[in-house]
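Predicted model, so just to flag it, every value in this text is computed and none were measured. Below, chains carry the letters A, B, ... as their sequence lines are ordered, and counting in each starts from 1.
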Amino acid sequence: MTEAAMNASEPGKPILSLRNITKKFGAVSALTDIDLDIHAGEVVALVGDNGAGKSTLIKVLAGVHQPTSGTIEFDGREVTLNNPATALDMGIATVFQDLALCENLDVVANLFLGHELSPYRLDEVQMEVRAWTLLRELAARIPSVREPIASLSGGQRQTVAIARSLLLSPKIIMLDEPTAALGVAQTAEVLNLIERVRDRGLGVIVISHNMEDVRAVSDRIVVLRLGRNNGIFTPETSNHELVAAITGATENAVSRRQIRKSAQDHAPEQRP
Amino acid sequence: MSNKEAGALDRGDVRVRHQEGMIDAFWSFVDRVRSGDLGMLPVVVGLVLISIVFSSLNPVFLAPNNLVNLLFDCATVGVISLGIVCVLMLGEIDLSVGSMSGFASALVGVLWVNSGWPVVGAILVAIAAGMAVGLLYAFLYNRLGMPSFIASLSGLLAILGMQLYILGPTGSINLPYASPLVSFGQILIMPAWLSHTLALLPGLVLVVTGLATMRHRRAAGLTAAPVTLLIVKAAALTALLEFGVYYLNLGRGVPWMFGFFVLLVVALNYALTRTKWGRSMFAVGGNREAARRSGINVRRIYTSAFVLCSTLAAVGGILSASRLATSSQQAGTGDVNLNAIAAAVIGGTSLFGGRGSAYSALLGIIVIQAISNGLTLLNLSSSLRYMITGGVLAIAVIVDSLARRSRVSHGRG
């Protein structure tokens, strides 16, 4: 490990820090002056309503979009993420919401895509061994690594996508809605996976709409609203406060619904 | 499952059926075909049908010397088809390969015969022209977002125009018969001993690399395919090839030009299956965005495919000039384009991208040329030949789409 990486692992010093990140798509400002710090060994949840800019922020960090202005510091150095390959090489791995796997290729090929061992004479055996080892470390249940991705279930694909992001030993891993499409058991598996990854000393960014999942794994909860920072919370924060930060008002659809519900519960039985 | 393999790294899950012996291997083949992974099956069925039909109509069809001629003809369009495999793999198309081959053959004729260049120089210029056209398509596709279908359709006309322009009013240039280029395309045959030795090679390579992989896998704690299966495969392949070579040697023998074509096929097959570039080709063809996000330079992959396709089309054009001993206005027109595309599709390369192999060009072109050769032997007019070849292409594409639908419903991508 390089000296820079050692320093970054010290508590208190962030691996990744964003300052004043702004991203404009034409007239629309998707992100405005976003600040964000990620430390090693912590899980940061990124929450916000639809259109709050969570996915845009992830894509900026993954090198898919380039910010209009602002600085990104990685390992204490200012960096420019021009394309996905730069971000990957630097140690920022991403699991996208749509997973981005090639259905026509098998699990091994997908895990090593773009980073195959010995490019002029692919070392299939070594790649298969590392694939199995990695999947075992994650306690993943994949029936066969030589089947095309098309034959796997949603949870298994999610596992493959997470395993792929870990393959290059990144320092930061970002997961966009990792549990959105999953059942109860698979969700628990993925949350376990996130904790295991954190315990390996990686910084983890999780996007989720599910407050229960967010509270279960995160150390800090960063709220975005309409492309701006709208507060940093701890998992102990009450649901009411979080929802207020996400929607931007104490008086919102969620609170109104709650008031109506409780009013109904307390109201005397009116039907005959 | 034997005790030794129970602890293997890839045998942790009890839900998966693993193939352990010959019988399992057979059933897993049946499973694959049923789920729409047809592989080489349509080609084999097609060849058997074609042989039965044509040899019953005209016994000359299966005569050794007719088959030797067939192989000569296969090499020219086959090389073009090899390039088509590359672009189809990405889900793109090049409709101008026929014109490109005609232009390349015209360039060789004009530069070599009319302008007195050395033949090697003329060939190099023709190949460079192919590369330039490929680069142009790549630029139109990558930078201007022009669909390859349209880009190459306009290329078809433009390149045909260039071919007619450089050939001038005479329209046809005869290449000197005594030259090495023409004898390569018409008479050069491998000595019998050499062709027999070369026919041994694939089986030998199969066994040697297969055993090495097995040892490697066992050492790494993975299970390996059974040895018997490997031996049977290699023996069957060797027997088939040796019989083919023996039969061809009853006639004139194996053409050098066909040997050159097979060499290109083997090289491309290695590149597609065993290198990072090939893996990227499959990935881009399967899911372009996923490939981009995993750090693959997608534009470079497209460029490589377009350049390879046009370059191989130029090589095919040079071969056909040497085969016909002429560079004419007719070179590369007519059914050359569609034959090249049909061959790749019949051989099992999908029009939808992400699926195919270099061998599909080899096997597909044998089917296409066998049909065209058989129809010629029956003295059918070219009108009927076109209709029948068109029908065969339609059937091939239908098989491809149906197989794809079946693959999707069986979860095989």
Side-chain angles (χ1 to χ4, degrees), chain A residues 59 62-64 83-89 94-96 98-106 108-133 135-136 140-153 161 164-165 167-168, chain B residues 8-18 35 37 89 91 212-224 270-271 273-280 282-299 350 352-356 404 407-413:
Chain A
K59 283 183 176 155
V64 175
N83 53 48
T86 323
L88 280 175
D89 292 343
T94 317
V95 181
F96 293 97
D98 52 2
L99 301 185
L101 299 169
C102 287
E103 300 213 333
N104 58 332
L105 297 177
D106 62 22
V108 177
N110 265 289
L111 283 177
F112 284 87
L113 199 57
H115 304 275
E116 288 85 356
L117 304 180
S118 51
Y120 295 103
R121 192 166 181 282
L122 296 185
D123 191 346
E124 295 285 355
V125 175
Q126 202 48 44
M127 289 201 277
E128 190 170 333
V129 169
R130 275 192 60 191
W132 279 116
T133 326
L135 290 170
R136 279 207 175 167
R141 283 206 299 258
I142 300 286
S144 163
V145 291
R146 286 298 177 193
E147 285 289 309
I149 290 290
S151 66
L152 298 186
S153 73
R164 179 168 79 181
S165 67
L167 191 76
L168 299 171
Chain B
L9 206 48
D10 50 354
R11 288 291 188 267
D13 199 310
V14 291
R15 290 170 298 172
V16 186
R17 191 157 51 101
H18 297 289
S35 67
D37 205 349
M89 194 78 97
T213 313
M214 248 177 235
R215 236 187 0 260
H216 202 159
R217 283 182 70 89
R218 292 239 164 79
L222 296 168
T223 52
Y270 180 87
T273 55
R274 306 278 297 153
T275 69
K276 183 175 175 173
W277 172 79
R279 194 49 61 78
S280 307
F282 278 96
V284 173
N287 186 342
R288 182 191 161 138
E289 186 55 23
R292 190 174 87 89
R293 290 195 198 157
S294 38
I296 292 173
N297 188 336
V298 175
R299 281 180 177 170
S350 173
F352 306 102
R355 177 172 285 271
R404 178 175 188 249
R407 281 198 304 273
V408 169
S409 67
H410 285 80
R412 296 192 70 94

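- Judged as a side chain to side chain donor-acceptor pair (under 3.5 Å), and not counting sequence neighbours, the contacts of B/R279 are A/E124.
- Per-residue heavy-atom pair counts under 4.5 Å with chain A were compared for B/G295, B/G286, B/G354, B/S294, and the maximum is reached by B/S294.
- Neither the backbone nor the side chain of A/N110 has a heavy atom closer than 4.5 Å to any heavy atom of chain B.
- Closest of all the heavy-atom pairs between B/I296 and A/G114 is CG1-CA, 3.9 Å.
- Neither the backbone nor the side chain of A/V145 comes within contact range of chain B; no heavy atoms are under 4.5 Å apart.
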B/N287 vs A/L101, side-chain contact (heavy atoms from CB on, under 4.5 Å): CA-CA, chis, key distance, verdict:
CA-CA 7 Å; B/N287 186 342; A/L101 299 169; 6.0 Å; no

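- Heavy-atom distances place both the backbone and the side chain of A/L113 under 4.5 Å from chain B.
- Heavy atoms of other residues, nucleotides or ligands lying less than 6.0 angstrom from CZ of A/R146 number more than 12.
- Within the 3.5 Å criterion, the main-chain N or O of B/F282 finds a donor-acceptor partner in the side chain of A/N104.
- Distance alone, capped at 3.5 Å, places no donor-acceptor pair between the B/K276 side chain and the A/Y120 backbone.
- Looking at every heavy atom in both residues, A/L88 comes nearest to B/R293 through CD1-O, 3.8 Å.
- Note that the OH atom of B/Y270 and the CG atom of A/L122 stand 7.5 Å from one another [nearest 0.5 Å].
- Between B/R274 atom CZ and A/E116 atom CD the span is 12.5 Å, to the nearest 0.5 Å.
- By the 4.5 Å heavy-atom criterion applied to side chains, B/R292 and A/V64 are counted as neighbours.
- The structure places CG of A/L105 at 10.0 Å from CZ of B/R355, a figure rounded to the nearest 0.5 Å.
- By the side chain to side chain donor-acceptor pair (under 3.5 Å) test, B/R288 pairs with B/Y141, sequence neighbours left out.
- Considering B/R215, B/H216, B/M214 as possible partners of A/V125, the one that fulfils the side-chain contact (heavy atoms from CB on, under 4.5 Å) test is B/H216.
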